[in-house]
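Read the numbers this way: they start at 1 and go in the same order the structure lists the ligands and their atoms. Remember, predicted model here, so these are calculated numbers, not experimental data.
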Amino acid sequence: MSDSKAPANAPQMKPWIAAIHAYVPGKSKGADGKALVKLSANENPLGTSAQALAARAAVSTSAAYPDPDSTELRAAIGKLHSVDPARIVCGTGSDELLNLAAQAFAGPGDEVVFSRYSFAVYDIAARRCGAEPVVAPDKDYAADVDALLAHVNEKTRVLFLANPNNPTGTFLPRAELARLHEGLPPDVLLVIDRAYGEYVDPAHDDGALELAAQTNNVLVTHTFSKIYGLAGERIGWGTGAPHIVDALNRIRGPFNVTTSGQAAALAALRDQQFVIASREHNAATRADFVTALEALGNHGLRVVPSEANFVLVLFEGELTAEAAQDAIAKAGYAVRHLPGQGLPQALRITIGTGAQMQAIASALRDVAGDAG
Ligand SMILES: *Cc1c(COP(=O)(O)O)cnc(C)c1O
């Protein structure tokens, strides 16, 4: 996809749409077109629960519209997370819900606040409803509660926070999240995006679902795209106070979750063994990978502390992120370089299998040695 200018006498896109840079998805090919193993989109290297795939395959017809309210799925989500299903809304990926949250609560003249180096969709969500995106500085790549609160004013309508954050992997602990919420005016919607929430050690729960249950200005979003391995089915969910869920229900697609998606997600929820195995595999593989990269600290490599299924690696010495990405591509892997998000000095690398991560660490050792 590329930018394309309309002829003068053709329909003109609204100026706030023209200001949007389309989302750039993670690549699965090298510069030469060669297929690479994709460690650029934070997908689950263990794939999908076999039970979820079976449930999806068992859907025998596509002639009928899906359940518009994802009734069974919401009941199961509510049971697992101790949330009233009436306070849950499902989406075509959590992406739909993030966009709806901005659209329902912000518009022209309003401001939408988020942290530097956070999820690229927040900027798009703010702009597409005509609101002004406002970027608060980070604190060494992590969200900075004081900076976020300092950027809130009477025009602020929505504040987005990903926890853990993408692309940095950083995590705000419960006390910091509570402090962020307490510092916000009650009429500002705090959207806590927990796309990677299931990867966090349950002992470190950030309290987001409690905020969504107990306050009037918090929406928490989750997705089946990451740990559940259902990115191809496009299913997300959100929870918050009834008036927030009502607003999203008014403007969501009426049949926004497919029949096969609802069936797969329902079966995936029932297979918590797969979720636990994925979380444990990720934690162990990430720890080994971080240890291997820390040994390259004398070559200027630094790993941002991560609670997610990826790490952001900073290249602060002779070896550049571009050269490192080339070396990793030669070894057969696609990772994410994000100069467009202000991160020319970094690569975001999804945690794959142990063997894949050893291959990447080895490629980095070789190229770092060559770079001196
Ligand atoms: C991947 C991701 C999502 C999930 O998007 P879906 O539309 O549910 O696939 C949401 N937020 C963040 C921060 C992500 O990285």
For F114, is there any backbone N or O sitting under 3.5 Å from a side-chain donor or acceptor partner on S118? no
Contacts of E307 that satisfy side chain to side chain donor-acceptor pair (under 3.5 Å) - sequence neighbours left out: none
Can you sort out the partners of T48 under side chain to side chain donor-acceptor pair (under 3.5 Å), two or more places apart, ordered by chain and number? none
For the residue pair N42 / Y196, report whether a side-chain donor-acceptor contact shorter than 3.5 Å exists. yes
Using heavy atoms and a strict 4.0 Å limit, residues surrounding ligand 1 turn out to be G93, S94, D95, F119, N166, D193, A195, Y196, T223, S225, K226, R234
Expected output: side-chain D69 to main-chain T71 donor-acceptor under 3.5 Å: no
Once ring-ring contact (aromatic ring centres under 6.0 Å, His included) is applied, what residue pairs with a partner in residues 123-173 remain, sequence neighbours excluded? Y117-Y141, Y122-F160
